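Below, chains carry the letters A, B, ... as their sequence lines are ordered, and counting in each starts from 1. Model, not experiment: these values are computed from the prediction.
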Amino acid sequence: MPRPPPPEGEAARNPGRARRYPRVMHDPRVLLDPATDAVRKLARRGFTLDVASLEKLLAGRNSAIQRGDEARAESKRVATAVKGAGREGDPQERDALVARARELKGIVAAAEEEHRELEAELQDFLLSVPNLPSDDLPDGASDEDAVQVRAWGEPRQLDFPPLDHVDLGEKLGILDLPRATKLAGPRFAVLRGKGAALERAIARYLLDLHTERHGYLEWSVPTLVNRATMTGTGQLPKFEQDLFKTGVADRELYLIPTAEVPLTNLHAKETLAVEDLPLAYTAHTPCFRSEAGSYGRDTRGLIRLHEFSKVELVRVVEAEHSRDELEVLLSHAEAAMQGLGLAYRVVKLAAGDIGFSAEFTYDIEVWLPGQQKYREISSVSNFGTFQARRAGIRTKAKDGRRGFAATLNGSGLPVGRTLVAILEQGQQADGSVRIPEALVPYTGFAELTP
RNA sequence: GGAAGCGUGGCAGAGCGGCCGAAUGCACUCGCCUUGAAAGCGAGAGUCCCGAGAGGGUCCGGGGGUUCGAAUCCCUCCGCUUCCGCCA
């Protein structure tokens with residue numbers, strides 16, 4: 001069986017002893033506990049859990065650990081006895097002890113080797129098991145199975161034929177897609193003049209809203225991260241094809257697909273005091289996505305790009321509060337929509353349609369007059385302890401009790417799609433676009449005119 | 001990229017190949033003292049894994065080696081600091 005690299009760059013170059021592997025991702029005991037109902041839950045997202053293999057791996061690993069521990073314990077006793085025998089001066093007894101010690105060395109090595117192999121197989125197995133979808137989600141596997149929770153604002157019915165954002169952007173002279181293609185290829189964008197200023201204004205508005213009104217701490221983080229970081233939030237090892245990868249010499253780095261990755265991993269391998277939770281973090285970063293598997297979808301305009309910028313919201317909370325925290329986070333993303341006066345609706349995604357690491361996801365969909373449709377603008381998810389286990393984000397309560405944190409994140413909001421919505425919902429009969437009032441202090445202008 | 005130095009528990013900082021999971025100080029927890037607090041005195045406390053439990057094992061930057069036995073010796077990788085080179 002091929003052995004994948006352990007979830008750390010250094011370790012990948014320097015494969016180590018099995019016992020050094022951190023205990024991450026799914027807890028195999030929890031997964032196997034009938035009360036967890038993992039088989040049924042995973043089946044809802046089309047994943048078949050091979051219980052027999054998992055049980056076998058776990059039992060084999062544990063017995064190897066035990067054999068090694070016992071041999072090592074005896075080895076320690078013998079080593080101490082050798083010293084005593086040397087001083088008492090009974091060479092024969094000493095020789096016998098040394099011989100036994102040499103023998104034990106082999107036994108320990110064999111048990112460790114077996115442990116290492118089984119541990120690697122177990123890690124490999126667990127790393128590819130997605131999170132368990134919440135029972136509160138509807139059945140289904142596509143966005144058409146999503147269920148509407150509520151709608152806000154009136155989908156504006158225009159008394160003239162609406163343009164989509166590409167036509168609007170070109171007429172206004174703020175969008176230049178041909179030149180973007182010249183520079184980098186399809187699925188990139190160039191914004192010009194007031195378009196670029198509007199993009200900057202949206203980002204500033206969102207950051208101010210979340211830091212000042214919702215209590216988020218703003219960070220500036222790397223957009224190029226290592227393998228361990230990508231594994232912590234669940235992008236790796238399964239979704240390498242979705243990422244842009246770079247590096248120099250033998251150093252590999254990945255471009256982040258969202259600020260969720262660096263923000264959540266800020267506390268990887270740390271133990272957080274429960275009284276410091278919840279943590280609420282935000283960052284405005286570029287996001288890079290290969291969009292493999294989306295050929296032909298949304299090829300026009302700013303909806304689906306290889307590079308876009310986004311203001312991301314991340315919350316690190318106590319595990320038992322994660323469901324409530326999801327509603328809090330959703331309210332913050334909705335506040336951004338309402339602040340900009342953009343008509344939208346909230347839907348619950350179907351169990352088979354949520355991301356690998358998520359257990360519950362709300363999407364916010366904005367009304368786009370140009371398409372006469374609601375389109376996804378923000379995704380707000382609860383990951384439970386799934387990411388925290390993979391990344392090693394632990395908690396410690398005042399009474400000393402330890403556990404894993406829960407993580408959540410949501411777009412709050414993606415700048416490009418927000419700009420699309422502003423153009424389309426704000427368009428007037430004469431081809432001009434009215435800028436949302438809340439943005440005017442940031443733009444310095446209240447409308448865009450051809 | 002070149003040269004030198006350094007990586008020990010939350011922090012600081014000792015550490016002869018076995019008596020080192022590791023001195024000491026600060027911080028921390030719980031007592032005592034006090035009207036309360038501080039100071040003082042006493043006690044305690046790390047992590048992760050296996051185990052029903054008793055208990056056992058792991059961890060001195062990572063990995064490997066020497067040895068009956070490694071925080072201590074050797075190799076290697078990584079990181080940090082300083083100097084030089086390059087650079088926004």
Side-chain angles (χ1 to χ4, degrees), chain A residues 3 5-30 32-33 55 57-120 122-123 126 220 222-229 247-253 267-276 388-404:
Chain A
R3 180 138 78 87
E8 273 184 307
E10 303 142 47
R13 283 192 293 279
N14 225 339
R17 291 167 64 192
R19 63 179 51 256
R20 295 265 156 68
Y21 280 76
R23 187 179 200 182
V24 294
M25 79 271 323
H26 280 299
D27 182 338
R29 288 169 207 287
V30 172
L32 289 170
D33 184 344
E55 279 173 343
L57 274 173
L58 185 62
R61 179 195 77 139
N62 288 355
S63 93
I65 288 174
Q66 217 165 355
R67 263 180 289 130
D69 283 357
E70 278 161 16
R72 212 178 286 106
E74 189 186 342
S75 182
K76 281 170 85 167
R77 287 195 298 271
V78 171
T80 311
V82 168
K83 197 195 172 196
R87 212 178 21 240
E88 308 306 310
D90 180 346
Q92 276 191 355
E93 191 192 327
R94 197 193 128 97
D95 287 351
L97 286 169
V98 169
R100 177 59 181 160
R102 288 216 169 94
E103 197 182 334
L104 284 166
K105 217 167 153 179
I107 297 174
V108 170
E112 280 183 350
E113 174 62 21
E114 189 180 335
H115 174 207
R116 181 179 337 177
E117 277 170 20
L118 292 173
E119 185 75 45
L122 183 65
Q123 299 274 332
L126 292 170
S220 171
T223 50
L224 231 40
V225 300
N226 60 29
R227 184 172 186 88
T229 299
V248 64
D250 60 347
R251 188 169 174 198
E252 62 171 15
L253 289 167
H267 296 295
K269 297 184 184 134
E270 291 182 13
T271 300
L272 304 169
V274 160
E275 54 270 29
D276 291 339
R389 285 179 176 282
R390 292 170 74 104
I393 306 171
R394 297 165 185 279
T395 57
K396 186 174 182 181
K398 266 264 193 309
D399 64 8
R401 288 190 44 179
R402 299 182 155 269
F404 286 98

Report yes if a side-chain nitrogen or oxygen of A:Arg72 is closer than 4.0 Å to either non-bridging phosphate oxygen (OP1 or OP2) of B:rG57; otherwise report no. no
Identify whether the distance between the nearest side-chain nitrogen and carboxylate oxygen of A:Glu74 and A:Arg77 falls below 4.0 Å. no
Using Watson-Crick geometry (N1-N3 plus N6-O4 or O6-N4) or G-U wobble (N1-O2, O6-N3), each under 3.5 Å, B:rA88 is paired with none
To the nearest Å, give me how far apart CD (A:Glu270) and C1' (B:rG9) are. 17 Å
Pairs: protein N or O with nucleotides 16-18 of chain B N or O, under 3.5 Å:
residue	atom	partner	partner atom	Å
B:rG18	O2'	A:Lys83	NZ	3.4
B:rG18	N2	A:Ala79	O	2.8

Using the P atom on both, measure B:rG40 against B:rC50 and round to a whole Å. 43 Å
May I have the distance from A:Lys269 (atom NZ) to B:rG61 (atom P), rounded to whole angstrom? 16 Å
Determine: side-chain N/O of A:Arg61 to OP1/OP2 of B:rC50, distance under 4.0 Å, yes or no. yes
Please report the distance, rounded to the nearest Å, between CG in A:Asn226 and P in B:rC78. 14 Å
With sequence neighbours left out, write down each residue that passes salt bridge (Lys or Arg N to Asp or Glu O under 4.0 Å) with A:Glu70, or none if nothing qualifies. none
Tell me whether the side-chain N/O atoms of A:Arg67 come closer than 4.0 Å to OP1 or OP2 in B:rC50. no
Same-atom distance (P) from B:rG53 to B:rG63, integer angstrom: 28 Å
Under a 3.5 Å limit for both distances, which nucleotide forms a Watson-Crick or G-U wobble pair with B:rC28, could you say? B:rG44
Which base, if any, makes a Watson-Crick or G-U wobble pair with B:rG5, both distances under 3.5 Å? B:rC80
Is there a side-chain polar atom (N or O) of A:Arg394 under 4.0 Å from OP1 or OP2 of B:rC48? yes
Identified pairing partner of B:rG18, criterion: Watson-Crick or G-U wobble below 3.5 Å: B:rC68
Among B:rC68, B:rC48, B:rG56, find the nucleotide with the atom closest to the side chain of A:Arg402. B:rC48
Considering just the side-chain nitrogens and oxygens of A:Asn62, establish if one lies under 4.0 Å of OP1 or OP2 belonging to B:rG51. yes
Between atom CD in A:Glu74 and atom P in B:rC68, what is the gap in whole Å? 16 Å
Using a heavy-atom cut-off of under 4.0 Å over every strand shown, decide if A:Lys76 touches base, sugar-phosphate, or nothing. sugar-phosphate
Any side-chain N or O of A:Arg29 less than 4.0 Å from the OP1 or OP2 oxygen of B:rC50? yes
Contacts of A:Gln92 that satisfy side chain to side chain donor-acceptor pair (under 3.5 Å) - sequence neighbours left out: none
Ignoring hydrogens and angles, answer whether the base of B:rG56 and the side-chain atoms of A:Asp69 contain a donor-acceptor pair closer than 3.5 Å. yes
Side chain of A:Ile65 only, heavy atoms from C-beta on: which candidate in B:rG69, B:rU47, B:rC50 is closest? B:rC50
